[in-house]
Amino acid sequence: MTSPPVTATTTWRNWSGGLTFEPAMVARPESVAALCRVLRAAAEQAVTVRPVGAGHSSAPLVQTGDVLLSLDRLPAGVLEPPHNRQIWVGAGTRLHDLGRQLRHHGLAMPNLGDVDTQAFAGAVSTGTHGSGLGLPNLSAQVTGVRLVTAAGQPVQIDADSDPDLLPAAQVSLGVLGVFTALRTRLVPAFQARRREWGLPVEACLTTFDELLTVNRNVDFYWYPRRDDAHLRTVNPVADDPGPDTLPGSGCTEERTGSSDAALIKRRSLRFHEIEYFVPAAAGPACFREVRHRIRTRHREHAAWRVLYRYVAADQAFLSPAYGRDSITISVHQNATLPYREFFADVEPIFLAHDGRPHWAKIHRLEGRDLLARYPQADRFLAVRERLDPDGRFLTDYLRRLLGL
């Protein structure tokens, strides 16, 4: 079908090791023209195609028994000179490579998530986010998308092309087409100072809203075994409010560097994760219930942290932060330890607080139970039907997920 396939005897494994499957082949097109040929052949053979980047997702979004389509050989990095602080980025570009390239142009991403191992298209397509007042997820910064449809036709989408196309494409789960490049808004590059503080859990919760107003980025981790927390702040060096922001607490770590390096945490251990977005006002109560559930039922085997972050509202149809500022609560478990029953026991708490799951993390919602939480889901599904009427990008899992 295209440059060299991988046979079905090769098992594909995601980043955490929690998802394994055997596609019939892996296509690795090296150009948009080659990608078009792959998709036209798939349409002729009536087989499913799933695009994949770094494989960081814990959900089975890319799982297929047909064609797994790797973005790794498509043109990557900064593809064109910046214009009005916007730049076209190759879909398969790893976030940890993108920061260095953007600094060369004097620019930076407005925000990043906790890790930077993902491919840019994968991070955007699933609503990946960081934390900070007024800072939405990575998808909200996307102003244009270049993709190839299931019919093998290149298409460019932006705010002028159709009122529904861009907000559908910003969080698309890879079911509208295969992204080849994305245009994203940027900010001037800046040096940032990152600090970590040891605090009691309740102190993190009660000071969180105030800290959001005086720090560019704030989040905290709760450690169930020790029942303590680490709160993190990141600020431009030029606007740093200083270490007295949290009087009486101990600063356990401080480092200064480029913003992309300061915003992420290097991790060598692999983990599984469930994460939900709840309305910002419900965040503290939801977290307290999760904490109580873990302490009373799971503390013995809950070896990893719970992360609390703030994400600004956006307008992407399938964004978990659509139309509302949100608190996200992420429950982690070491990749070598049991996690399914643990996650299944905390998930009802998120649902009771009107939570929406992170698309790339583990969750059990499907169909109307899931889409009822997204006011613009029907508009997204109409765009999907228009761009891929034969369902070339749909697997059994995605059909259940989207109620198809």
Side-chain angles (χ1 to χ4, degrees), residues 53-54 56 71-72 74-147 156-160 166-167 169-171 179-194 215-219 232-240 255-266 309-312 314-316 319 321:
H56 194 270
L71 304 178
D72 286 348
L74 290 173
V78 174
L79 302 181
E80 299 176 12
H83 178 69
N84 292 334
R85 290 185 187 166
Q86 298 185 50
I87 208 161
W88 282 98
V89 177
T93 308
R94 300 300 192 260
L95 292 176
H96 54 70
D97 294 327
L98 181 58
R100 172 180 49 80
Q101 296 183 38
L102 292 179
R103 290 199 300 272
H104 177 74
H105 295 278
L107 297 168
M109 296 285 288
N111 210 0
L112 286 169
D114 189 50
V115 296
D116 62 356
T117 59
Q118 305 98 319
F120 188 48
V124 166
S125 296
T126 54
T128 296
H129 62 93
S131 182
L133 191 67
L135 293 172
N137 61 29
L138 274 62
S139 312
Q141 308 300 335
V142 170
T143 61
V145 172
R146 293 171 182 162
L147 61 79
Q156 180 164 318
I157 293 171
D158 54 37
D160 298 326
L166 184 60
Q170 285 172 315
V171 180
F179 288 179
T180 60
L182 302 97
R183 185 177 62 205
T184 187
R185 296 188 192 93
L186 302 166
V187 298
F190 62 96
Q191 291 286 293
R193 182 168 292 120
R194 175 194 182 103
N215 294 278
R216 188 183 192 277
N217 303 88
V218 184
D219 60 26
R232 304 181 296 186
T233 62
V234 177
N235 290 289
V237 171
D239 302 320
D240 187 3
R255 56 186 170 93
T256 301
S258 61
S259 61
D260 56 289
L263 285 167
I264 60 95
K265 186 83 170 179
R266 298 291 177 196
R309 291 181 282 181
Y310 187 101
V311 184
D314 66 76
Q315 296 301 308
S319 170

What do the steps show when you test Phe120 against Leu95 for side chain to side chain contact (heavy atoms under 4.5 Å, CB included), and what is the final call? CA-CA 6 Å; Phe120 188 48; Leu95 292 176; 3.7 Å; yes
Inter-residue atom distance Gln118.CD - Leu98.CG, 0.5 Å rounding: 12.0 Å
Could you check whether any side-chain heavy atom of Ile87 comes within less than 4.5 Å of a side-chain heavy atom of Leu102, counting everything from C-beta outward? yes
With the side chain counted from C-beta on, respond yes when Pro82 and Leu186 share a heavy-atom pair under 4.5 Å apart, and no when they do not. no
For a 4.5 angstrom cut-off between non-hydrogen side-chain atoms, does Asn217 reach Arg309? no
Run the side chain to side chain contact (heavy atoms under 4.5 Å, CB included) check on Val115 and His56 step by step: do they pass? CA-CA 10 Å; Val115 296; His56 194 270; 3.8 Å; yes
Got a sec, which residues hit side chain to side chain contact (heavy atoms under 4.5 Å, CB included) with Asp239, two or more places apart in sequence or on another chain? Pro236
Would you compute the distance between atom CD of Gln170 and atom OG1 of Thr184 and round it to the nearest 0.5 angstrom? 9.5 Å
What is the distance from atom OG1 of Thr126 to atom CG of Asn137, rounded to the nearest 0.5 Å? 9.0 Å
Arg255, CZ atom: more than 12 neighbouring heavy atoms under 6.0 Å: yes
Any idea which heavy atoms bring Phe179 and Leu74 closest together, and the distance? O-CD1, 4.4 Å
May I have the step-by-step check of side chain to side chain contact (heavy atoms under 4.5 Å, CB included) for Leu112 and His96, ending in yes or no? CA-CA 10 Å; Leu112 286 169; His96 54 70; over 6 Å; no
Output the distance between atom CD (Gln315) and atom CG (Leu166), rounded to the nearest 0.5 Å. 11.5 Å
Mark yes or no for whether Asp158, through its side chain, and Asp160, through its backbone, hold a donor-acceptor pair below 3.5 Å. yes
Just how far is it from atom OG1 of Thr256 to atom CD of Gln191, taken to the nearest 0.5 Å? 7.5 Å
Give me the one residue out of Asp97, Thr128, Leu263, Ile264 that meets side chain to side chain contact (heavy atoms under 4.5 Å, CB included) with Asp116. Ile264
Within the 4.5 Å heavy-atom criterion, are Pro188 and Arg85 side-chain neighbours or not? yes
If you look at every heavy atom in Gln86 and Arg183, which pair is closest and at what distance? OE1-NE, 3.4 Å
To the closest 0.5 Å, what do you measure between OG (Ser131) and CG (Asn215)? 10.5 Å
Can you list the steps and then say if Val218 with Tyr310 is a side chain to side chain contact (heavy atoms under 4.5 Å, CB included)? CA-CA 8 Å; Val218 184; Tyr310 187 101; over 6 Å; no
With a 4.5 Å heavy-atom cut-off, do His129 and Asp314 have their side chains touching? no
Show the nearest heavy-atom pair for residues Ser139 and Val171, with the distance to one decimal. OG-CG2, 3.5 Å
Sequence neighbours left out, what passes side chain to side chain contact (heavy atoms under 4.5 Å, CB included) with Ala261? Give chain and number order. Ser258
Under 4.0 Å between a Lys/Arg side-chain N and an Asp/Glu carboxylate O for Asp219 and Lys265? no
Assess the side chains of Thr180 and Arg146: does a donor N or O sit below 3.5 Å from an acceptor N or O? no
For residues Val311 and Gly130, report the shortest heavy-atom separation together with the two atoms involved. CG2-O, 3.7 Å
Can a salt bridge be assigned to the pair Arg103 and Asp260 using a cut-off of 4.0 Å between side-chain N and carboxylate O? yes
Please report the closest heavy-atom contact between Ala119 and Gly53, naming both atoms and the distance. CB-CA, 3.8 Å
Exam field: side chain Ser259 to backbone Ala192, donor-acceptor pair closer than 3.5 Å: no
Can you give me the closest heavy-atom contact between Leu135 and Pro110, atom names plus distance? CD2-O, 4.3 Å
Can you find a heavy atom in the side chain of Arg216 that is under 4.5 Å from one in the side chain of Asn235? yes
